[in-house]
Amino acid sequence: ADGFTKAMEQHGAESGKAQFELFKTGPIEALKKVIYETPFLGYEATKSAAEIRGIIAGDQLCDKISDLEEGAEITVVLDQTPFYGESGSQVGDCGVLESNGVRVEITDTQKDGDLVLHVGHLRTGELQSGMQVQAQVDEERRVGIRRAHSATHLLHYALQQILGQHAQQQGSKVDVDWLRFDFTHLESVSDQQLQAIENNVRDRIEENAQVTADTVPLAQAREAGAMMLFGEKYPDPVRMVTMGDFSKELCGGTHLDQTADVGGFAIFSEEGISAGTRRIVALTGERAQLHSLAQR
């Protein structure tokens, strides 16, 4: 699945999403000549064993670095990872890398080409190239991101149901129990329509539809009626995320297994951002529930 994950992320990059750029000549480029890609294990796991393949401090590749230099930001490349590197619309994971007496706090995960870059701080011990570590994603945070990402697909479906098929995604951002979704629509959205959209998403959550992801040939995804955005270049095969019998989208992000796990959904704001494009910001999980209570 690695080549396919790569293709989906490449697709994310090509859809005009900002892609992390770091020293186009320098340590990352040097690493790319030796390590072509970082296999991503994060669809199935949030924890895995891994080997340190590269350590960058400042703009230097290091064989090792100790906690005497604590506070300095480092970038670590692993031979495989459960950490999701920011791509498409989804933010990167946080977590820790740990080995005997060594602890690295990862505060962000980015991508450069096919390499996943774990950005963080060495808190204890001495980190060495070739060392075996346990890579552990902050699971609670990841689940919050999954809630928001799955809700984004539910929102896209609801917009098309309530406003019409023209209400297509123009861009989105997914964070912990927070999402931003830009879509095509020529006039402002009325309060009644917003309520209907919110209710539609909540109905889909209550329905507790199953969420599945399959890697399929592009032609098969097209035949199945998967959402295809005009002018986009898609890899082949693609990862198709299906929710119940109502939503099929091509997506490289991480999702829930059941829609009920979104927990709650509340539209926080809706506004026009340019001619013919509107933006909805919404909350999921407990943040949505607290927001709804505050509105009463």
Mark yes when over 12 heavy atoms from residues, nucleotides or ligands other than [X] sit less than 6.0 Å from its [atom1]; otherwise mark no.
X      : atom1 : value
Phe246 : CZ    : yes
Glu140 : CD    : no
Glu51  : CD    : yes
Asn208 : CG    : yes
Glu223 : CD    : no

Do the rings of [X] and [Y] sit parallel, tilted or perpendicular, given the 30° and 60° boundaries?
X      : Y      : result
His255 : His153 : perpendicular
Tyr84  : Phe40  : perpendicular
His118 : Phe83  : perpendicular

query: Which of these passes side-chain contact (heavy atoms from CB on, under 4.5 Å) with Met240: Val216, Thr212, Thr215, Leu218?
result: Val216
Rounded at 0.5 Å granularity, tell me how far [atom1] in [X] sits from [atom2] in [Y].
X      : Y      : atom1 : atom2 : value
Tyr157 : Ile162 : OH    : CD1   : 9.0 Å
Lys248 : Met228 : NZ    : CE    : 11.5 Å
Thr152 : Leu154 : OG1   : CG    : 8.5 Å
Leu155 : Arg180 : CG    : CZ    : 13.5 Å
Gln132 : Asn100 : CD    : CG    : 11.0 Å
Glu73  : Thr107 : CD    : OG1   : 6.0 Å

field: Audit row: Val189, Leu159, side-chain contact (heavy atoms from CB on, under 4.5 Å) steps and yes/no
entry: CA-CA 10 Å; Val189 183; Leu159 288 167; over 6 Å; no
Would you check if the side chain of [X] reaches a backbone N or O of [Y] as a donor-acceptor pair within less than 3.5 Å?
X      : Y      : value
Thr75  : Leu117 : no
Arg141 : Gly95  : no
Gln134 : Glu98  : no
Ser99  : Val102 : no
Glu126 : Lys64  : no
Gln80  : Ala49  : yes

Can you name the nearest heavy-atom pair linking [X] to [Y], along with the distance?
X      : Y      : answer
Gly264 : Ala288 : C-CB, 3.5 Å
Asn200 : Ala158 : OD1-CB, 3.5 Å
Asp108 : Gly92  : OD1-CA, 4.2 Å
Pro82  : Thr46  : CB-C, 3.8 Å
Tyr43  : Gly252 : OH-O, 2.5 Å
Thr254 : Arg146 : OG1-CG, 3.5 Å

Can you confirm whether [X] sits close enough to [Y] that some side-chain heavy atom of one is under 4.5 Å from a side-chain heavy atom of the other?
X      : Y      : result
Ile74  : Leu127 : yes
Asp236 : Pro217 : yes
His291 : Arg287 : no
Tyr36  : Asp114 : no
His156 : Ser247 : no
Val211 : Asp257 : no
His166 : His185 : yes
Asp138 : Ile106 : no

Do [X] and [Y] land in one hydrophobic cluster if side-chain heavy atoms of ILVMFWY residues count as linked below 4.5 Å?
X      : Y      : result
Val77  : Val116 : no
Val137 : Val143 : no
Val176 : Phe181 : no
Val133 : Leu122 : yes
Val262 : Leu179 : yes

field: Between Asp112 and Gln110: side-chain donor-acceptor atoms closer than 3.5 Å
entry: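 No, no side-chain donor-acceptor pair sits under 3.5 Å.
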task: Indicate whether any N or O donor in one side chain lies under 3.5 Å from an N or O acceptor in the other, for Asp191 and Gln195.
output: no
message: Using the rule given for side-chain contact (heavy atoms from CB on, under 4.5 Å), can you reason through Ile145 versus Asp93, listing the C-alpha separation, both sets of side-chain angles and the distance that settles it, and then say yes or no?
response: CA-CA 9 Å; Ile145 293 167; Asp93 281 329; 4.3 Å; yes
field: Test side-chain contact (heavy atoms from CB on, under 4.5 Å) applied to Leu194 and Ile280, step by step
entry: CA-CA 10 Å; Leu194 280 178; Ile280 281 179; 4.1 Å; yes
query: Can Arg202 and Glu206 be counted as an ion pair, charged N to O under 4.0 angstrom?
result: no
- request: Using side-chain hydrogen bond (donor to acceptor under 3.5 Å, both in side chains) as the criterion, point out the one residue from Thr259, Thr284, Asp177 that pairs with Arg147.
  value: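 Per the side-chain hydrogen bond (donor to acceptor under 3.5 Å, both in side chains) rule, the option paired with Arg147 is Asp177, out of Thr259, Thr284, Asp177.
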message: Which residue is it: Arg278, Gln170, Gln169, Gln168? I am looking for the one with a side-chain hydrogen bond (donor to acceptor under 3.5 Å, both in side chains) to Thr184.
response: Gln170
message: Set out, in order, the CA-CA distance, both residues' side-chain angles and the distance that settles salt bridge (charged side-chain N to carboxylate O under 4.0 Å, His left out) for Lys32 and Glu29, then state yes or no.
response: CA-CA 5 Å; Lys32 281 184 189 170; Glu29 297 307 304; 3.3 Å; yes
query: Checking Arg204 against Phe265: charged group under 6.0 Å from the ring centre and within 45 degrees of the axis?
result: no
- request: Report the C-alpha distance between Gln128 and Ile52 in whole Å, list the side-chain angles of each, state the deciding distance to 0.1 Å, and finish with yes or no for side-chain contact (heavy atoms from CB on, under 4.5 Å).
  value: CA-CA 7 Å; Gln128 297 185 17; Ile52 305 288; over 6 Å; no
